[in-house]
Amino acid sequence: MSEYKFGEIEKNWQQYWRDNHIYKVEDDTSKPKFYVLDMFPYPSGAGLHVGHPLGYIASDIYARYKRLNGFNVLHPMGYDSFGLPAEQYAIQTGQHPAITTEQNINRYREQMDMLGFSFDWSREVKTSEPNFYKWTQWIFIKLYHSWYNTENNRSESIETLVEKFKKGIIPIPPSGFPYSSNASWDSLSENVQQEILMQYRNAYLSESYVNWCPALGTVLANDEVKDGVSERGGHPVERKLMMQWSMRITSYADRLLQGLDKIDWPEPLKETQRNWIGKSSGSSVGFRLTPPSPAERGTESSPSEKKYNKVPDGVATADKRIWEKLKEFSRENRKNQTEGEKRLWEELRNSNLGFKFRRQHAIQKFIADFVCLSKGLVVEVDGEIHNDQKEYDEYRTQFLREYNFEVIRFTNDEVLSNTLEVKKAISAKLSSLPNRIVGSTSEEENLSPLERGRGEVVREAIEVFTTRPDTIFGVTFVTLAPENSLVDKITTPEYKTQVEEYITYAKSRSERERQADVKKITGQFTGAYVEHPFTGEDIPVWIGDYVLAGYGTGAVMGVPAHDSRDYAFAKHFGLPRKQVVKPTTDWDFEKESYDEKVGTSINSDFLNGLEVKEAIIKAIEKIEEENIGKGKTNFRLRDAIFGRQRYWGEPIPIYYKDGIPYTMDEKDLPKQLPEVDKYLPTEDGEPPLARANDWSYNGFPLETTTMPGWAGSSWYMFRYMDPHNTGEFASKKALDYWKDVDVYIGGSEHGTGHLLYVRFWTKFLYDMGFLPVDEPAKKLINQGMIQGRSSFIYELKITQTNLPDINTHVFLSDDVVNNYLNSKLSFEELKNGILLSYNDSYGEIINPDNSLLIQLTEDSIAFDKKRVAIEFVDNDILNYKNWNKSIYISDFDEAIYRFVKNEEGEIVTSSEVEKMSKSKWNVVTPDDIVAQYGADTLRLYEMFLGPLEQSKPWNTQGIEGVHRFLRKLWSLYYNRDGNNIVTNDEPNAAELKVLHKTIKKATEDIENFSFNTSVSAFMICVNELLELDCHKKNVLEQLLVIVSPYAPHICEELWSKINPGTSIIKAEWPKFNPEYLVENTFHYPISVNGKLRLTLELALDLELADVEKAVMQHEVVQKWIEGKQPKKIVFVKGKIVNVVV
RNA sequence: GCGGAUGUGGCGUAAUUGGUAGCCGUGCCAGACUUAGGAUCUGGUGCCGAAAGGCGUGGGGGUUCGAGUCCCUUCAUCCGCACCA
């Protein structure tokens, strides 16, 4: 063979590799493993475009490199084959999505094969195949039967939770509202038990606000919604309250955050994830509601308005009327404590259990032995139990319950003999109860402990979350989200109507509107007031839709002087402002709020003089001390909605018995998708699965929603390790050997979706003992996007008063339009050009006729920007000769096209860089490039384009150069006459230097994923070898090995010529030998005063003194120092000499 | 608004991490060969200047013998999040 016939060569070798299963990987534990993974594609109907292979080429190069270095490399590929487009297509055509998906996959496969990737196709996975999604369903079942135990910070089987319940220990569920019942677990009905467990399950069913997309007929996850519209299709999305399956990813928020520190992922991506998780620490603060007077409440006036009397009017714990008497009792009791009481007080006092207890405390007409007001728990120690005592105790318990106190009793003996158990029981009870806000009025502050026993005021409070507790003294109002359940409770009668109106208005605003005009300030006063926890001032309570119901407590404290949103709100409604932080610079508080976290606290009582950072700490301290609130961490991350009202996804393996969900038996998996007549919701609005004939399990109805697109992709990398296993998702042996992905390559657009979910599931599977690792990928590379270049052309439009505009089908060269718009071209000239275009038109003239154009006036013309398909544009020049009018201009209708050309006779198009997409007509497929230049050229070129991580618009300028390089490489082996000219001569020093310089560079670059620079190194190497006229096997052979990951076909071909019968795939990466690069001399740059004046070749072993002599003698240096004495001579060996005068 | 990134010839980019700015490739200019071609080869090509030389890494300032690289400041572009308290 004489010429570089890439087409033939590539086809032959692809065939050879396939036939010999050369890329098949065994679990060969004798070799070190290396796992190189690409994010698997969704097989869309458009096929691969030139952007897809960018990452695949990079990973292929890396995989090949690792193989040549003796690693056992796992490099698989598969398809994320469930998804919306296939289903949308199915709805339109009635064709089963599996069929279109299969077709698309075949097309993808064909295209990938064409590029010579070294994937082990025997391990291919498809998420839509039952033998794959069987395990996705299996994982779902595991998630359902597990809960996150915050004690040891990991997921556990739900059984461990039930055991706790049986022991009476009730962990606080993620929702924050624990069940509290004195009944034993076993005595609860199945229904209640399941309901309780649902509060804890990692996969759970709950009613919550979701992103509902009516056009797609399904809910979407937060990361599938961008700017209030669906990511796929761009349909509007609204908030809707629905019963939904969700994944409790929020339980993992902190670990997902921590985990980022130990993985080698790009910093911007980690930052995006941190942002998305959105951890912020601060404090909750309770603002007690000020009891309105009966007159204000309206209770006196009319019973019908009594429903607004829900504000507890300050439950003084002691009945004031009998206080004096109670005080006596209390005093007596304190003196005559029983042993048990004494012992228990030792345990409870000083907040030993984490909560403040009081003893001998009056609650209405009783004295409780011990009470924790912030939890509403009374602990009683009884003496001997006789019957009347029992009855009396029962009565007390009942009574206290009415006042919202839990009662727990122990006998004297119990306390003494088993203090530890008693303590544990109290602890468990405490942690199961919600917090209450307890406060005291300032007058009570000065009372003696005994006198305080009179009771403290327990009132309902609005709890807010703030990251700036240091600005607590700057609070001038409190705002609730319109959805906040307190709104209804607190609104006073006179504001009832307005508040209701406002809520209706807020609901009517779609998510998109709400996001679109963030600047629009709306809100409504409720009539209610709360009390400032430190100053006791009355603070008005507002509602406003700038407060989000789903974050924190759905309520904020308004500090208009130090929060820009509060500032805007206050300004709009004329609310006062209080400065409490002194800025470090001049600040005009009239103009804006001072939000910075630097400065000194002022007007803030105990915080005065503290720096913001200290003040925050101090404020939290005080808030906790006073039982006003608690230091707290909030996450922005929401639980991920897991159900989709769609057909083309994994069925959720759940059935319902009496309305209670149960998981299917694992042995019955996979639960395959049923056949349906249509891929649309039923008439009753049920998801498509409800159309199936018998969608049931053992006679019970099955769940009809399916899993979201990200389900399969959240664990697929582990399936590749053991893809044909039918008993497990992967064997322990395979998992232990392959462990995790060493290098994962894919786009950064998955930063908050896939890459977060896959980390979540990995951690979960790790917790449950199914995986040996808790992060899926050690290293991640984000390849940049290859953007498309969209072309546009202007169409002349005639605007008419009172009539619709006329599109003329006259298209103008972009520069002509610009010249006209910039007045470089007169209207007459333009008109002339338009009329002339009729002589050069395509087809006959239909409409508008020339007469209409003759009447054109300056006021009646406009230009319409239209898309042109990329295949008809070469370097921004419209190739109108190939123009296919039926497809290639948007808004086509039957017509004849005319073109107004510029002076060069060209039609110039304008262009924009956009995402490559079928709908934008800017897709370039690899097929044409491969046909024209070959896969090796495309591979090299895509790498040569620039750094892998960088996004860049696709252009083919420069592809010639890369192709030329391959031909030059070829010419090292074959001369023009097609004769093999490789010799067996020993290479000389110069040749070895060139080779080893390149080996060094190629090795370093590949390790750094700097593929563009190594391509350039190859070019230099080939250029230099050609110059040296080097055709020696000992040099060329090694060169081939280092080029082979990039251009495997040509290298395999040339290799086979010099090493017949062997494959370069099995070769060894050459070892860099630094000896060949050793130099004796160096061309020193010599500068005078930092300015380069000459270079001087000097021996490398020269020291400063010799160098100085040589340099100073030099006439050029003499000239520049102008006879002055050098102040200093800087000499860096092997680098530079600088003479300073 | 917050967060992240990037600014270097006509263009894509490179620079061993503070040490000769512009490698490699395109494009352009000139030449050679020629079957007159969008092939191949050779030379040139940051800008200004006839040259000597001067100026040059978005702008301004600083540190240093020396700055594309470090620090401060400012501008522009792109990406992500976006009323997250």
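Below, read A as the first sequence line, B as the second, and so on, with proteins coming before strands; counting in each chain starts at 1. Hydrogens, waters and symmetry mates are skipped; everything else that's a heavy atom, side chains included, is used.
In this structure, a donor-acceptor pair under 3.5 Å is present between the side chains of A:T522 and A:Y502. Using a 3.5 Å distance cut-off with no hydrogens or angles, the side chains of A:T1095 and A:H1083 do not pair a donor with an acceptor.
Ion pairing between A:E267 and A:R274 holds under the 4.0 Å rule for side-chain N and carboxylate O. A salt bridge does not link A:E1115 with A:K1119: none of the charged nitrogens is closer than 4.0 Å to a carboxylate oxygen. Taking a cutoff of 4.0 Å between a charged side-chain nitrogen and a carboxylate oxygen, A:R967 and A:E960 do not qualify as a salt bridge. Ion pairing between a basic and an acidic side chain is recognised when a charged N comes within 4.0 Å of a carboxylate O; A:K279 and A:D254 show such pairing.
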Sort me out a list of protein N/O and nucleotides 24-33 of chain B N/O pairs below 3.5 Å, or just none if empty.
residue, atom, partner, partner atom, Å
B:G25, OP1, A:N1023, ND2, 3.1
B:U26, OP1, A:R964, NH1, 2.3

Show the distances under 3.5 angstrom between N or O atoms of the protein and N or O atoms of nucleotides 1-6 of chain B.
none

Enumerate all atom pairs, one protein N or O and one N or O from nucleotides 48-55 of chain B, separated by less than 3.5 Å.
residue, atom, partner, partner atom, Å
B:G53, OP1, A:K1119, NZ, 3.3
B:G54, OP1, A:R1093, NH2, 3.3
B:G54, OP2, A:R1093, NH1, 3.2

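Spacing between B:G68 and B:G19 at atom C1', rounded to whole Å, works out to 13 Å. Distance check on atom P: B:G12 versus B:G18 gives 27 Å, rounded to whole Å. Remark: the separation of the P atoms in B:U57 and B:G10 is 13 Å, to the nearest Å. With P as the reference atom, B:G4 and B:G49 are 44 Å apart, rounded to whole Å. Comparing the P positions of B:C70 and B:U16 gives an interatomic distance of 12 Å, to the nearest angstrom. Remark: the separation of the C1' atoms in B:G80 and B:G9 is 32 Å, to the nearest Å. For the C1' atoms, the distance from B:U64 to B:C72 is 16 Å, rounded to whole Å. With both ends at atom C1', the span from B:G22 to B:U8 equals 8 Å, rounded to whole Å.
In this structure, A:T752 and A:G554 both approach RNA chain B, and ranking their closest nucleotides by distance from the 5' end singles out A:T752. Of the residues near RNA chain B, A:L637 and A:N1012, the one whose nearest nucleotide (by heavy atom distance) lies more toward the 5' end is A:N1012.
A centroid separation of 6.0 Å or more is found between the aromatic rings of A:F569 and A:Y567. Taking the ring centroids of A:W587 and A:Y594, they lie under the 6.0 Å cut-off.
Distance CG (A:D595) to C1' (B:A82): 15 Å, rounded to an integer number of Å. If you take CG of A:L966 and C1' of B:U40, they are 17 Å apart, rounded to a whole angstrom. Atom NZ of A:K1127 and atom C1' of B:G66 are 14 Å apart (whole Å). As rounded to whole Å, 13 Å separates atom C1' of B:A85 from atom CG of A:D470. Across the protein-nucleic acid pair, A:K997 atom NZ and B:U16 atom P stand 16 Å apart, rounded to whole Å. Whole-Å rounding puts the A:D563 CG to B:C83 C1' distance at 9 Å. One interatomic measurement links the two molecules: CE of A:M943 to C1' of B:A14, which rounds to 17 Å at whole-angstrom precision. Atoms CZ (A:F965) and P (B:U40) sit 16 Å apart, rounded to a whole Å.
For B:G80, the paired nucleotide is B:C2, the pair qualifying as Watson-Crick or G-U wobble because both relevant distances are below 3.5 Å. The partner of B:U17, taking Watson-Crick or G-U wobble pairs whose two distances both stay under 3.5 Å, does not exist in any strand shown. In this structure, B:U69 makes no Watson-Crick or G-U wobble pair, since no nucleotide meets both defining distances under 3.5 angstrom. For B:U26, the paired base is B:G10 (Watson-Crick or G-U wobble, both distances below 3.5 Å). Base pairing annotation: B:C47 forms a Watson-Crick or G-U wobble pair with B:G54, both donor-acceptor distances under 3.5 Å. Pairing for B:A32 is with B:U40, a Watson-Crick or G-U wobble pair whose two hydrogen-bonding atom distances lie under 3.5 Å.
Backbone-only engagement by A:V1140 is indicated by non-hydrogen atom pairs under 4.0 Å involving sugar-phosphate atoms exclusively. Within 4.0 Å (heavy atoms only), A:T1095 reaches at least one base atom of the nucleic acid. Across all strands, A:R638 comes closer than 4.0 Å to base atoms (heavy-atom distances).
A donor-acceptor contact shorter than 3.5 Å is absent between the side chain of A:Y551 and the backbone of A:A555. Here the side chain of A:E1097 pairs no donor or acceptor atom with the backbone of A:Y1084 at under 3.5 angstrom. In this structure, A:K270 contributes its side chain and A:L260 its backbone to a donor-acceptor pair below 3.5 Å. Side-chain atoms of A:D639 come within 3.5 Å of backbone atoms of A:T250 as a donor-acceptor pair (strictly under, hydrogens ignored).
Side-chain proximity of A:K1128 to the nucleotides B:A14, B:U20, B:C65 is greatest for B:C65. For A:S280, the listed nucleotide lying nearest its side chain is B:A85; candidates were B:A85, B:G19, B:U20. Here B:G80 is the nucleotide among B:U20, B:G80, B:A85 with the atom lying nearest to any side-chain atom of A:T272. Closest to the side chain of A:W276, from the set B:A82, B:A85, B:G19, is B:A82.
For B:G9, the base adopts the syn conformation, since its glycosidic angle falls within 90 degrees of zero. Syn is the conformation of B:U17, whose glycosidic angle sits no further than 90° from 0.
One finds no side-chain N or O of A:S1087 lying less than 4.0 angstrom from the OP1 or OP2 phosphate oxygen of B:C65. In this model, the phosphate group of B:U40 is approached by a side-chain N or O of A:R967 to a distance below 4.0 Å at OP1 or OP2. Under 4.0 angstrom from either OP1 or OP2 of B:A85 there lies no side-chain N or O belonging to A:Y546.
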Applying ring-ring contact (aromatic ring centres under 6.0 Å, His included) to A:F473 and A:H532, what does each step give before you reach the verdict?
CA-CA 8 Å; A:F473 288 93; A:H532 191 283; 5.7 Å; yes

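Among the candidates A:F1011, A:Y1046, A:F944, the single residue satisfying the ring-ring contact (aromatic ring centres under 6.0 Å, His included) test with A:F1018 is A:Y1046.
Classification of the A:F1072-A:H996 ring pair by plane angle, with boundaries at 30° and 60°, yields tilted.
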